[in-house]
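These notes concern the structure reproduced below.
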Amino acid sequence: MRLRHHATIALLLWASSCVGYDHQSALDPAGPQAGSVHGLWYLMLGISAGVYVVVVAALLLVIRRRQAHPLEPDETRSRDREARAKRVVVIAGAVTVGVLFVVLLADLAVARGLTRLATSPALTIRVTGHQWWWDVEYEDSIPQRRVRLANEIHLPVGQPVLVKLQSHDVIHSFWVPNLAGKRDLIPGHHTETWIRADRPGVYRSQCAEFCGLQHAKMALYVVAEPRDQFDAWIARQRTPAVTPNDTLAIRGKGVLESGSCALCHTVTSTLARGLVGPNLTHVGSRLSLAAGTLPNTPGYLAGWIADPQTIKPGAQMPPNSLTPEDLRALVAYLSTLR
Ligand code: CUA
């Protein structure tokens with residue numbers, strides 16, 4: 001029974017990794033930094049496995065020899081034996097230091113290679129960690145061309161991207177296992193990391209530093225796509241929110257602007273200008289809700305708006321007691337924001 005349960009979980013994990021939607025693995029590098037970390041991981045695994053085999057073999061050898069020739073009481077203090085034991089300890093110590101030195105050098109070489117990918121980035125993205133979501137802003141010298149979204153990053157395949165990191169509250173950690181190692185976001189301290197995806201795909205990123213109650217529900221999706229698809233995506237993100245034309249969605253826009261939503265969220269070209277929560281201008285186009293907690297479907301969206309505290313206890317968003325008609329209208333409007 002128990003075995004079957006474990007087999008089912010293993011099968012589910014394997015299946016979710018195959019779908020690609022939930023792809024999160026440091027052992028399947030899709031970029032140069034993750035590639036070198038992956039190489040270092042295999043080097044360390046190989047060395048550790050080698051050391052383990054040698055130690056266990058030596059232990060078994062000694063046990064067998066002792067069984068064949070048990071020690072006589074007067075033999076234990078012989079000078080010969082003591083000298084031999086000393087030699088073995090010195091050699092083993094020297095080999096251990098040598099092995100650790102090799103690992104240290106490999107580690108330094110990999111760390112050096114990770115610091116910078118190019119002289120200038122093709123794209124600069126500012127990522128701010130909040131309890132418990134990611135604010136994402138695409139920098140541009142022309143303010144109208146800046147793009148703001150949440151919990152999702154799109155980037156063109158094969159291009160070096162500079163990610164500037166900062167925290168709004170506590171320490172978080174930005175980690176896209178398929179692309180690069182971890183980088184901590186420390187309040188009051190700006191830091192940066194580079195990523196480059198050489199393979200199209202959707203890579204899941206998980207906050208890697210315990211940051212409070214909902215640390216586990218603080219994910220971000222990195223979508224790596226061919227240049228033309230990326231250009232189309234960012235052009236769409238730069239447009240203001242669509243104006244609704246059916247009655248339900250028009251009513252939903254009214255609910256958003258007159259209700260408490262507008263105090264915390266921004267939807268460009270509407271009265272909603274809040275800066276506390278995620279920007280919702282193109283929320284309908286996103287993969288997930290509540291930082292990777294729920295799939296982005298109208299049903300989950302309605303549940304999230306009505307009662308976020310049951311889904312993500314402690315999150316900043318309060319429950320909303322809307323009438324069923326208002327809730328349906330609001331969801332219809334938000335779903336049009338693609
Ligand atoms: Cu943010 Cu853990």
Side-chain angles (χ1 to χ4, degrees), residues 13 16-17 21-28 31 33-34 37 41 114 124-139 147-155 161-195 197 202-224 264-266 274-280 283 286-296 300-301 304-305 307-319:
L13 284 174
S16 66
S17 73
Y21 181 67
D22 252 14
H23 202 59
Q24 181 185 328
S25 169
L27 298 182
D28 180 22
Q33 292 119 313
V37 172
W41 188 86
L114 295 185
T124 303
I125 306 174
R126 184 177 291 279
V127 173
T128 309
H130 292 253
Q131 281 176 316
W132 293 275
W133 60 283
W134 304 93
D135 187 14
V136 175
E137 191 178 8
Y138 284 70
E139 289 194 345
V147 162
R148 194 135 189 208
L149 69 157
N151 309 319
E152 199 167 306
I153 288 176
H154 286 238
L155 38 94
V161 175
L162 176 63
V163 184
K164 293 183 175 172
L165 300 161
Q166 60 193 32
S167 170
H168 174 72
D169 35 48
V170 298
I171 302 178
H172 303 275
S173 188
F174 180 77
W175 186 35
V176 196
N178 294 84
L179 297 180
K182 298 170 186 171
R183 177 71 68 166
D184 279 3
L185 284 69
I186 296 162
H189 178 79
H190 290 249
T191 178
E192 53 188 46
T193 186
W194 288 73
I195 50 175
V202 179
Y203 306 108
R204 190 177 184 277
S205 152
Q206 169 67 45
C207 177
E209 179 71 50
F210 180 73
C211 54
L213 202 54
Q214 294 300 337
H215 155 71
K217 288 181 180 164
M218 187 169 170
L220 174 146
Y221 284 100
V222 177
V223 182
C264 297
H265 297 283
T266 290
L275 292 172
V276 179
N279 186 306
L280 300 179
V283 67
R286 287 182 210 152
L287 291 173
S288 76
L289 297 171
T293 307
L294 302 170
N296 191 2
Y300 281 116
L301 182 57
W304 172 249
I305 293 169
D307 191 8
Q309 293 301 319
T310 299
I311 297 163
K312 207 168 167 179
Q316 301 271 317
M317 184 155 148

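Both counts, for ligands and for their atoms, begin at 1 and track the order of listing. Start at 1 with the first residue, then count along the sequence.
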* Which residues share a side-chain contact (heavy atoms from CB on, under 4.5 Å) with Ile311, sequence neighbours left out -> Thr293, Leu294, Trp304

* To do: Using the test side-chain contact (heavy atoms from CB on, under 4.5 Å), find all partners of Asp135 that sit at least two apart in sequence or belong to another chain.
  => Thr128, His130, Trp133, Arg148

Side-chain donor-acceptor pairs of residues 186-193 under 3.5 Å, sequence neighbours excluded:
unit_1, atom_1, unit_2, atom_2, d
His190, ND1, Gln166, OE1, 3.3

* **Check against side chain to side chain contact (heavy atoms under 4.5 Å, CB included), Trp132 and Lys217** => CA-CA 7 Å; Trp132 293 275; Lys217 288 181 180 164; 6.0 Å; no

* Asked: Quick one: how many protein N/O/S atoms are under 2.8 Å away from atom 1 (Cu) of ligand 1?
  -> 4

* Sub-3.5 Å donor-acceptor pair from the side chain of Ser167 to the main-chain atoms of Val170, do we have one? -> yes

* Flag side-chain contact, heavy atom, 4.5 Å: Val222 against Asn178 -> no

